[in-house]
Structures are given as structure tokens and as C-alpha cells.
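Remarks on the structure that follows.
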Amino acid sequence: MAATKQQEAEDSEHNPQVVVTPSGAAHSVRHDRSLWRDLTAYWILGLCNNYGYVVMLSAAHDIIAQFNDEETEVGDEGGNGRECHLVSTGAILLADVLPSLFVKILMPFFPFWVNVRIGLAVAFSAAGFLLVGFANAEWMALLGVVITSASSGIGETTFLAYSSRFNKNVISTWSSGTGGAGVIGSLSYATLRSLDVSPRDTMLIMLVFPAIEAFAFWLLLRRPQVLPVTTVESTEELISDDKPLVGFKEKLSYIKHLFGYMLPLCLVYFFEYFINQGLFELVYFENIFLDRASQYRWLNVDYQIGVFISRSSVNLFQLNKIWLMSVFQFVNVVYFLTEVIWFYTPSIWIVFTIVLWEGLLGGGAYVNTFYRMSKEIPPGRQQFAMAMVVQSDSYGIALAGFLAIPVHNAICGLPASVRGVVW
């Protein structure tokens with residue numbers, strides 16, 4: 001008995017978990033002095049995994065523009081058309097999310113060979129930057145975006161599933177890291193382009209991030225020593241709801257229990273990315289300190305700052321009603337849709353404020369969803385549940401990309417509005 005207790009103590013130090021005693025009381029294991037390694041590693045992994053995805057969206061306007069010498073003026077015959085790219089940045093969004101979604105759908109049903117998966121994610125990330133940087137044709141640039149998307153999908157579904165074997169607070173540091181990727185990715189791209197660094201050199205500089213991802217996973221993150229199952233100090237079997245899912249059929253039937261997490265997150269991201277990739281490009285203020293392309297880039301930076309703040313806030317503030325965030329995000333859609341048609345907002349600073357709010361809602365929905373899951377779903381089922389629910393934002397983003405293209409082009413066909421009041 002003493003030997004058993006000693007072994008449990010050693011295992012708990014390597015992989016702190018919640019231990020359930022015969023009385024049912026839950027106690028967290030304390031004094032894990034190396035926990036900082038796991039928390040730090042997951043922040044870095046979240047940063048590096050989403051960095052390429054964010055950069056490709058930030059660069060969407062430039063990726064389209066480099067293969068189109070001039071913007072197309074679309075509108076009436078009197079010359080009152082709007083200056084638009086007929087292929088919106090929604091096309092880049094689709095190339096950036098569909099491969100990731102495809103990967104996320106398949107991954108939960110494949111063997112969990114974590115080292116192989118992360119090796120592929122790192123290799124694909126580096127290849128994506130190289131392809132976009134050295135692209136001499138549109139198809140080559142889009143292929144780079146597709147490969148980067150696949151890398152992000154492999155990494156996200158694997159890291160979130162793997163988090164079930166660590167302290168639950170790695171969810172909050174992972175989410176904060178993905179939010180940091182938004183800020184650092186969009187800000188670094190906008191800054192480098194503002195300094196007239198070429199697109200090729202910009203992408204080559206960013207190759208440092210796949211290398212950092214490899215370091216964080218294989219050298220900084222500790223290897224879990226025990227499986228993430230609840231310790232029960234009795235001979236009783238786990239109740240059926242706590243048993244790990246086995247086999248394709250059992251996993252498939254469990255998905256319906258996850259809809260309460262998936263649907264609100266899907267809606268938040270659908271509204272959010274419809275704004276970002278269908279409407280952002282059409283928001284334009286003339287004769288201000290930013291030109292058209294810079295306005296698009298810095299609106300993305302502003303949005304990502306909001307995402308970072310909210311994804312880093314879960315240990316201070318939790319919100320269980322994710323559906324409420326989807327309602328607020330729909331209100332943002334109404335504002336931006338009417339703004340790009342009639343140009344009634346007098347100052348770009350008002351737009352920056354609303355975009356920041358949009359980012360806060362999106363990041364808050366993401367981190368609160370997965371933090372709730374880490375507390376509410378039995379440990380034996382968390383690995384599969386995390387890998388499934390992480391798909392839901394991609395469903396929303398993909399639908400937004402498909403809808404953004406025709407809506408964007410329809411607005412481009414309208415006569416250009418004139419901003420009546422400017423502050």
C-alpha cells in the first residue's frame with residue numbers, strides 16, 4: 001500500500017491531475033515546481049501554431065494585389081463605381097480555413113501519434129511560408145496558404161487533445177498564445193511592410209516561428225507520465241459516462257453531446273469572419289494618415305488585440321453563456337454591412353473601437369468554451385471532445401468565406417457612397 005501511494009505521488013508530480021477520493025471529494029495536486037514549463041510551452045505552441053494562419057489573413061489584400069496590377073472599378077457607367085478587388089479576401093480565407101477544417105474533421109478518428117502529427121505541422125508551416133514568399137504565380141501563393149492552413153489544423157486539434165493529459169490551466173495559456181499570435185502576426189506583418197520589407201523577405205523572416213514551435217514541443221514541454229483518467233481508490237469500475245470512448249461508432253454517437261459547445265462557437269466565428277473577410281476591405285476613409293491597404297492591415301491588428309485580451313482573461317473572468325456573444329457579434333455584422341454601403345461613420349477611430357469589441361467577443365467565445373469543457377467533460381473523454389469541438393469555429397469561418405465573396409462583389413457593384421460627415 002505504501003509503495004502504491006509513493007508511486008501515485010511521483011506520477012502526480014510529473015502530470016498534476018485532479019484526484020477523486022472514495023468520498024468523492026476532488027483535490028488538486030500542489031507543489032508542482034515545474035508546471036511553468038507546461039504552461040509556458042503551451043503559450044508558445046498556441047502562438048506558433050496560429051501565427052502562419054494570421055499572417056496569411058493579414059497578407060490577404062497584398063497576396064491578391066501582387067497578381068492584379070490594378071484594382072477594378074466596379075459600378076455604374078457614370079464613373080461612380082467603387083474600387084474593389086472582384087475576388088475578395090474571402091477567397092484567401094477559404095484557402096486558409098478549408099484545409100484546416102478538413103484536417104480537423106479527420107484527426108479525431110486517426111491514431112494519436114503525437115510526435116508524427118507535430119512533425120508534420122512544423123514542416124507544413126515552414127513550407128507554407130516558403131511557397132508564399134517565392135510565389136511567382138497566384139496558384140503557388142494559394143498553395144502556400146493551403147499548406148499553412150493544414151499545418152494549423154493538425155497542430156490545433158493535436159495540442160488541444162493532448163492538453164487533456166496536463167494541468168487544466170494549459171488551456172488558458174494555449175488560448176492566450178493563440179491570441180498573442182493574432183497580435184504578433186498581424187502587427188509584425190504590418191510593421192515589416194510599412195518598413196518596405198519585400199513580401200519575400202517578410203516570409204523568410206517568419207520561418208523562425210516553426211523552429212520555435214519545434215523547440216517548445218520537444219524540449220520545453222514535459223512528457224506526460226500517466227494517462228488523463230480520474231484516479232479512483234476503490235475496486236468499483238468507472239460509471240459509463242466517464243469511460244474513454246472506444247471505436248468509431250461510439251465516438252460518432254457521442255458527438256451529439258457536444259453540440260451545446262459547438263453551435264454558439266460556430267455562430268460567433270461565422271459572424272466575425274464574415275465581417276473580417278467580406279467587409280473589412282470595403283471600409284475606407286479618404287485623406288487620412290493611412291492609405292487604403294494600410295487601413296486594412298491595421299484594422300486586422302486592432303481586431304487581433306481584442307482577441308488576445310479576451311483569450312488571456314479566462315482566469316480573471318468566465319462567461320458560460322457563449323450564445324450571448326453570438327448575438328452581440330450579429331449586431332456587429334449589421335453595423336459593418338450598413339457602413340460599407342452608406343459610409344455614415346464620421347471617424348475611423350469609431351471603426352477601430354467596434355473592431356476591438358468584435359475581437360473581444362471572438363476571443364472570449366473561444367477560451368470560455370474550451371475552459372468550460374476542461375471542467376465539465378470527464379477526463380477520459382476530453383481528448384476526443386476537444387478535438388471535435390475545435391472544428392466548430394472552422395465551420396463558421398468556412399461558411400463566412402463562401403458568403404463573403406458574393407456579398408463583397410454585390411456591394412462592389414453599388415454606386416460609390418460619399419462620406420457626408422468626417423471628424
Side-chain angles (χ1 to χ4, degrees), residues 14-18 38-39 41-50 53 99-122 124-125 149-178 213-214 216-218 220-230 242-248 250-255 257-259 261-262 265 311 366-395:
H14 285 290
N15 185 35
Q17 298 288 334
V18 173
D38 300 335
L39 299 178
Y42 256 85
W43 193 92
I44 295 171
L45 292 171
L47 167 68
C48 295
N49 186 73
N50 280 33
Y53 171 83
S100 176
L101 175 58
F102 181 71
V103 166
K104 289 178 183 179
I105 291 172
L106 295 179
M107 279 293 173
F109 302 99
F110 276 79
F112 197 73
W113 297 335
V114 64
N115 289 293
V116 174
R117 290 185 178 197
I118 302 309
L120 284 173
V122 170
F124 281 10
S125 178
S149 171
S151 166
S152 177
I154 294 170
E156 186 170 19
T157 190
T158 302
F159 289 132
L160 278 172
Y162 201 44
S163 72
S164 63
R165 305 186 182 187
F166 296 89
N167 184 290
K168 73 177 188 302
N169 284 317
V170 300
I171 292 291
S172 61
T173 57
W174 159 270
S175 299
S176 176
T178 58
E213 183 177 8
F217 181 74
W218 279 296
L220 182 58
L221 184 67
R222 295 179 297 172
R223 301 302 96 188
Q225 300 298 310
V226 293
L227 291 175
V229 293
T230 304
D242 290 341
K243 289 180 179 177
L245 300 168
V246 179
F248 178 81
E250 191 172 332
K251 291 179 177 179
L252 202 61
S253 65
Y254 185 69
I255 294 175
H257 299 292
L258 303 174
F259 285 164
Y261 301 104
M262 297 178 74
L265 188 61
R311 288 195 180 192
Y366 182 95
V367 68
N368 280 282
T369 296
F370 290 109
Y371 192 76
R372 277 183 58 203
M373 291 177 66
S374 71
K375 295 189 299 181
E376 297 174 0
I377 293 180
R381 299 189 170 189
Q382 280 185 20
Q383 180 171 300
F384 175 77
M386 293 282 188
M388 284 301 304
V389 175
V390 76
Q391 301 174 18
S392 53
D393 62 345
S394 296
Y395 288 126

*Sequence neighbours excluded, which residues qualify as side-chain contact (heavy atoms from CB on, under 4.5 Å) partners of T158?*
F112, V114, R117, I118, I154

*Tell me, yes or no, whether the heavy-atom count around W218 atom CH2, taken from other residues, nucleotides or ligands under 6.0 Å, exceeds 12.*
yes

*asked:* For the residue pair T157 / K104, report whether a side-chain donor-acceptor contact shorter than 3.5 Å exists.
replied: no

*Apply side-chain hydrogen bond (donor to acceptor under 3.5 Å, both in side chains) to E376 and list each qualifying residue two or more places apart in sequence or on a separate chain.*
Y261, R372

*Sequence neighbours left out, what passes side-chain contact (heavy atoms from CB on, under 4.5 Å) with V367? Give chain and number order.*
S175, V314

*If we only count heavy atoms from C-beta on, is the F166 to I171 side-chain gap below 4.5 Å?*
no

*Not counting sequence neighbours, which residues clear side-chain hydrogen bond (donor to acceptor under 3.5 Å, both in side chains) with S172? List them please.*
N315

*Okay, side chain of S152, backbone of S149: is any donor-acceptor separation there less than 3.5 Å?*
no

*Would you call R223 and D38 a salt bridge, taking side-chain N to carboxylate O under 4.0 Å as the test?*
no

_If we count only N and O atoms by modelled type, under 3.5 Å, do the side chains of Y395 and Q391 hold a donor and an acceptor together?_
yes

_Partner set under side-chain hydrogen bond (donor to acceptor under 3.5 Å, both in side chains) for Y366, not counting sequence neighbours_ = E156, W174

_T178: side-chain hydrogen bond (donor to acceptor under 3.5 Å, both in side chains) partners, not counting sequence neighbours_ = R311

*Residues which pass side-chain contact (heavy atoms from CB on, under 4.5 Å) with S176, listed by chain and number, not counting sequence neighbours*: W43, F308, S312

_Taking every non-hydrogen atom, the tightest pair across A121 and S151_ = O-OG, 2.6 Å

